[in-house]
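Notes follow the structure.
Please read all numbers here as calculations on a predicted model, not as lab measurements.
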Amino acid sequence: MDKPDAIMPPPAQKPLVQAPVGACDAHVHLVAAMGEFDLWEARAENPARFDDREGPDLDGWLALWRKQLDALGFSRGIIVHSILYGADNSVTVQAVRRMGEGFKGVGLLSDGACEGDVAQMAEWNMAAVRLNYVHGGVLSWEGVQAMAPMLKDHGMHVQMLMHAHQHMDALADDVRALPVDICFDHIGWPDLGLGAKHDGVQKLCQLLNEGKTWVKLSALYRMCAAPYDAADEIVAALVAANPERCLWGSDWPHLMLADAQMPIAAELLDAFHRVVTDDATRHRILVSNPAALYGF
């Protein structure tokens, strides 16, 4: 069956305040032209195309991202492997290699991966393995638990997409027991209508306070419309819980939008700056924290 095409992201724009020197965009995805890398048969969509022709190849997408980084003020980045390519990490491995120093990846492994698979990921400059608990895929929570000791041996961690209001209660104790760090995407992707006092958000805040997890202040556009102020309360709560465990990511080029509106990345950074107002905390979240987690 034919797949729909993703939407091309808007041209790079400058935010009201650029990121400080050494800042890291801790969450982007990279794709390529159709046929350049093998796509997963069960993917939700194809990489984006221009209106009148094929979309960019990998080098073209990297050029677009470099413009985005320059506009926002970032010089480092984390490329998170997209489920569009399943467990074939080739596009992400190549993207990390071509971006060079200051850039690392987050890859995807399947349940049952062996020590050699994890070692290969580390050799490819992958800092973590991602579990998508929302959309599913090839890795389960049980698979992560089995893999965690091997990840620890190679200095890697787990990155996880979940819904805090649905999943955090059941996961919290297991997260505490993991021998590696776990980083939650997209502010835990909660139901904003339930507020910061909801038990799932509070459990996430507690794990942050205990130093057991990290959280990315990313993808607010998946939960609310611009200017994203409906997320301010929860973003503020996460930062207050432990600013030393927060990161920021653009989620560019905004794949698998579903019902969300295509964002402007600069406005997402503006939303971060609206909540986090002091320069020291901004620097910690944008520069120091990713340097600590990813080893820059």
Side-chain angles (χ1 to χ4, degrees), residues 9 12-28 65-80 99 101-104 106 127-128 157 159 164 181 183-190 192 196 201 204-205 207-252 254 263-296:
Q13 299 183 27
K14 286 190 175 183
L16 296 174
V17 178
Q18 285 190 307
V21 174
C24 174
D25 183 343
H27 196 105
V28 304
W65 187 35
R66 288 187 182 99
K67 290 180 180 179
Q68 187 74 43
L69 290 167
D70 289 345
L72 298 179
F74 290 86
S75 58
R76 295 170 173 165
I78 302 300
I79 302 169
V80 180
M99 289 301 294
E101 186 178 357
F103 296 86
K104 293 191 176 185
V106 172
H157 65 273
Q159 181 177 309
D181 284 349
C183 179
F184 290 110
D185 294 338
H186 307 344
I187 67 170
W189 204 340
L192 298 183
V201 175
L204 177 54
C205 287
L207 288 170
L208 289 168
N209 184 261
E210 294 170 10
K212 299 298 295 184
T213 66
W214 302 76
V215 68
K216 294 185 180 182
L217 310 177
S218 54
L220 305 183
Y221 67 93
R222 297 189 184 274
M223 292 157 263
C224 59
Y228 315 113
D229 51 341
D232 285 0
E233 179 192 18
I234 290 178
V235 172
L238 296 172
V239 174
N242 193 345
E244 296 184 6
R245 287 279 168 154
C246 295
L247 310 162
W248 185 88
S250 67
D251 198 31
W252 187 91
H254 320 301
I264 296 171
E267 294 179 357
L268 295 168
L269 187 57
D270 291 341
F272 165 76
H273 284 139
R274 180 179 63 238
V275 176
V276 181
T277 57
D278 66 286
D279 288 343
T281 305
R282 289 174 175 178
H283 189 277
R284 176 168 292 284
I285 293 171
L286 297 174
V287 181
S288 303
N289 290 352
L293 180 59
Y294 300 111
F296 291 126

With a 4.5 Å cut-off on side-chain heavy atoms, are V17 and D279 touching? no
Using the ring pair (Phe, Tyr, Trp, His ring centres under 6.0 Å) criterion, which residues pair with H186? Sequence neighbours excluded. H27
I187/M223 under side chain to side chain contact (heavy atoms under 4.5 Å, CB included): CA gap, chis, key distance, verdict: CA-CA 10 Å; I187 67 170; M223 292 157 263; 3.7 Å; yes
Please report the closest heavy-atom contact between V215 and C183, naming both atoms and the distance. N-SG, 4.4 Å
Look up atom OH in Y294 and atom SG in C24, then write down how far apart they are to the nearest 0.5 Å. 6.5 Å
Do any pairs count as a salt bridge (Lys or Arg N to Asp or Glu O under 4.0 Å) and have a residue in residues 65-77, sequence neighbours left out, and if so which ones? none
Mark yes or no for whether R222, through its side chain, and W189, through its backbone, hold a donor-acceptor pair below 3.5 Å. no
Does any non-hydrogen side-chain atom of L72 lie less than 4.5 Å from one of P15? yes
May I ask you to test the V28-F74 pair for a side-chain heavy-atom distance under 4.5 Å? no
For A71, does its backbone N or O pair with a side-chain atom of Q18 as donor and acceptor, under 3.5 Å? yes
Do the non-hydrogen side-chain atoms of P227 and D270 ever get within less than 4.5 Å of each other? no
Is there a side-chain contact between W248 and D25 (heavy atoms, below 4.5 Å)? yes
For W65, what residues pass the side chain to side chain donor-acceptor pair (under 3.5 Å) criterion, not counting sequence neighbours? none
To the closest 0.5 Å, what do you measure between CG (L247) and CZ (R284)? 11.5 Å
Could you work out, with side chain to side chain donor-acceptor pair (under 3.5 Å) as the rule, every residue matching Y221, not counting sequence neighbours? D251, H254
Per the salt bridge (Lys or Arg N to Asp or Glu O under 4.0 Å) rule, what does the pair list look like for residues 223-232, sequence neighbours excluded? D232-R274
Taking only residues two or more places apart in sequence or in another chain, which ones pass ring pair (Phe, Tyr, Trp, His ring centres under 6.0 Å) with F184? none
Heavy atoms only: give me the nearest N289-W214 pair and the separation to one decimal. O-CZ3, 3.9 Å
Distance in Å, L192 CG paired with Y228 OH, rounded so as to fall on 0.5 Å steps: 12.5 Å
Is there a side-chain contact between F272 and L220 in this structure, where contact means two heavy atoms from C-beta onward sitting under 4.5 Å apart? no
How about V201 and C205: do any of their side-chain heavy atoms sit closer than 4.5 Å? yes
In Å, rounded to the nearest 0.5 Å, how long is the span from NZ of K104 to CE of M99? 15.0 Å
Taking all atoms of both residues into account, what is the closest heavy-atom pair of P243 and T281, and its distance? CB-CG2, 4.1 Å
Looking at L238 and C246, what are the two nearest heavy atoms and their distance? O-SG, 3.7 Å
Determine whether R245 and D181 make a side-chain contact, defined as any pair of heavy atoms from C-beta on separated by less than 4.5 Å. yes
